[in-house]
Every structure is written in structure tokens, then in C-alpha cells.
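The next block holds one structure in the form of C-alpha cells; read it before the comments.
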Amino acid sequence: MQIKQPNPEQLSATARLVPDYHVPAEPDLLAESLDELRRYNKNAAPGANGELMRVGLRLIPDAFDDASLAGVRVSELSALAPEIRALRAITVRGCFVRGRLDGLHGKELGRFFRAAYESAKQMTVILPCAMPYLCVEGALAALAYNEAEHPETLEDAVTAAQTVAMQNNTAFYAKLLIT
């Protein structure tokens with residue numbers, strides 16, 4: 001799947017300030033629960049070279065939890081890890097981090113970027129698993145929504161996103177996607 005990158009002149013002021021991002025070269029499946037992981041495992045078969053089906057996991061940092069959000073809470077990950085590791089036909093690779101971002105702006109929205117990065121790091125240690133990509137979901141919409149009323153949102157959140165991008169580029173090496 002080829003993703004066409006927009007011309008920089010066509011991007012909004014918000015989008016131009018967000019660090020460079022990358023899209024995973026091959027789309028993986030996405031699971032939002034242990035039941036979904038089990039279902040993928042049941043329907044998967046190792047490839048000819050013994051390759052396992054790759055599945056991304058949707059995480060929700062506890063500080064940004066909303067009972068209505070679908071995903072695995074970071075606080076539940078340790079308890080689920082033995083069952084996830086027992087699934088032999090799939091491999092967890094990468095994560096999509098979402099949270100309740102309604103009304104967040106400025107440094108609080110920046111805190112979500114850091115929480116997303118820390119959640120992904122915790123996942124690699126708890127499961128353990130590789131992290132070829134990390135998607136921070138909903139952050140651009142929150143930036144755009146708050147741009148007029150809270151101009152500090154843009155500067156503070158972009159600073160946090162750039163910090164996460166630098167940490168990622170020097171220690172984590174995941175492809176970073178901010179949506």
C-alpha cells in the first residue's frame with residue numbers, strides 16, 4: 001500500500017508543526033482486547049517460513065482512560081501478559097495508543113504524548129515484544145479543535161511531540177504515527 005504524502009503548502013499550520021511521521025509499510029491486524037487476540041490466534045497459521053501473524057495492540061494509558069474506550073488498559077497488561085504470550089500463532093508487534101482527549105489542551109495534551117510513548121515502552125517490557133511502530137491516536141484532532149481557543153496548545157503539544165519523536169529516534173526506534 002503506497003501512502004501519498006501531502007505537499008507541505010497544503011498542510012494546515014498545525015500539521016506542519018508535528019514531527020515527521022511514518023506509516024507501517026505493511027498493515028497489521030489490530031486487537032482491542034484479549035478476546036480479539038485469541039480469535040486471531042485461533043484463525044492464524046504460521047507461514048511457510050514459520051512467520052507468525054503480526055497483531056498490533058490498542059492501549060489506553062490509565063491517566064487518559066474513559067470506560068467507553070475500547071482497548072487494553074496499561075494497568076491490565078501485566079495480568080494479561082501470560083495469556084498473550086501463550087498465543088503461539090500470533091505475535092504482538094506495535095501499538096496504537098488512544099485516550100480521552102476531550103477538553104485537553106496545552107501541557108495536558110503534551111502529557112498524553114508522553115503517556116503514549118511510556119505505554120508503548122511498558123508494553124515491550126511486560127509482554128515482551130518488538131515495537132516496529134507506535135501510533136498516537138486522536139492527538140491531531142485535539143490540536144486542531146483547541147487551536148483557536150487555546151493557542152498555547154499548539155506550542156506545548158508540539159514540544160511534547162518533538163520530545164517523544166527525539167526519544168523514539170535515539171532509543172526506541174519505532175515508526176511514529178500521530179493521527
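In this text the structure is predicted, and so the values were computed from the model without any measurement. The first residue in the sequence is number 1, and the count goes up from there.
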Inset, instruction - In sequence, state the C-alpha distance, the side-chain angles, and the governing distance for Phe96 and Leu134, and then conclude on side-chain contact (heavy atoms from CB on, under 4.5 Å). - result: CA-CA 6 Å; Phe96 288 71; Leu134 162 60; over 6 Å; no
Inset, instruction - Mind running side-chain contact (heavy atoms from CB on, under 4.5 Å) on Leu87 and Glu83 for me, showing each step along the way? - result: CA-CA 7 Å; Leu87 302 173; Glu83 289 187 70; over 6 Å; no
Legend entry - SB check Arg73 Asp62 (cutoff 4.0 Å): no
Inset, instruction - Let me see the working for Arg54 and Val92 under side-chain contact (heavy atoms from CB on, under 4.5 Å), right down to the final yes or no. - result: CA-CA 6 Å; Arg54 297 177 308 167; Val92 175; over 6 Å; no
Legend entry - Interatomic distance, Leu34 atom CG to Arg38 atom CZ [nearest 0.5 angstrom]: 3.5 Å
Inset, instruction - To the nearest 0.5 Å, tell me how far Met53 CE sits from Tyr40 OH. - result: 8.5 Å
Inset, instruction - Establish, from distance only, whether the side-chain atoms of Arg93 and Thr91 form a donor-acceptor pair under 3.5 Å. - result: yes
Inset, instruction - Determine whether Met123 and Ile126 fall in the same hydrophobic cluster, where Ile, Leu, Val, Met, Phe, Trp and Tyr are linked whenever their side-chain heavy atoms lie under 4.5 Å apart. - result: yes
Inset, instruction - Might you work through the side-chain contact (heavy atoms from CB on, under 4.5 Å) test for Leu30 and Arg58, ending with a clear yes or no? - result: CA-CA 7 Å; Leu30 176 61; Arg58 177 161 281 135; 3.2 Å; yes
Legend entry - Val97 side chain near Pro61 side chain, heavy-atom distance below 4.5 Å: yes
Legend entry - Separation of Leu29 CG from Glu36 CD (nearest 0.5 Å): 10.0 Å
Inset, instruction - Using a 4.5 Å cut-off on heavy atoms from C-beta on, say whether the side chain of Ile84 contacts that of Leu37. - result: yes
Inset, instruction - Taking the side chain as every heavy atom from C-beta outward, state whether Met131 and Cys95 have any atom pair closer than 4.5 Å. - result: yes
Legend entry - Any side-chain heavy-atom pair of Val72 and Glu32 under 4.5 Å: no
Legend entry - Nearest heavy-atom neighbours spanning Leu69 and Gly99: CD1-C, 3.6 Å
Inset, instruction - Side-chain contact test, heavy atoms from C-beta onward, threshold under 4.5 Å: evaluate it for Leu176 versus Tyr133 and give yes or no. - result: no
Inset, instruction - Report yes or no: do Ser33 and Asp35 form a side-chain donor-acceptor pair below 3.5 Å? - result: no
Legend entry - Close side-chain approach of Phe112 to Val136, heavy-atom, < 4.5 Å: yes
Legend entry - Heavy-atom pair of closest approach, residues Ser119 and Val74: OG-CG2, 3.5 Å
Legend entry - Nearest-0.5 Å distance that lies between atom CG in Asn41 and atom CZ in Arg88: 9.5 Å
Inset, instruction - With the side chain counted from C-beta on, respond yes when Phe113 and Ile178 share a heavy-atom pair under 4.5 Å apart, and no when they do not. - result: yes
Legend entry - Rounded distance (nearest 0.5 Å) linking atom CZ of Phe64 with atom CD of Glu108: 6.0 Å
Inset, instruction - Mind listing the closest non-hydrogen atom pair of Arg111 and Ala63 along with its distance? - result: NH1-CB, 3.9 Å
Inset, instruction - Look at the side-chain heavy atoms of Ile, Leu, Val, Met, Phe, Trp and Tyr, link any pair under 4.5 Å apart, and say whether Ile60 and Val55 land in one connected group. - result: no
Legend entry - Closest contact, heavy atoms only, Glu137 versus Leu101: O-CD1, 3.9 Å
Inset, instruction - Provide the closest heavy-atom pair for Thr179 versus Cys135 in the form atom of the first, atom of the second, distance. - result: CG2-SG, 4.0 Å
Legend entry - Asn168 side chain to Ala174 backbone, donor-acceptor under 3.5 Å: yes
Inset, instruction - Side-chain contact test, heavy atoms from C-beta onward, threshold under 4.5 Å: evaluate it for Leu80 versus Leu127 and give yes or no. - result: no
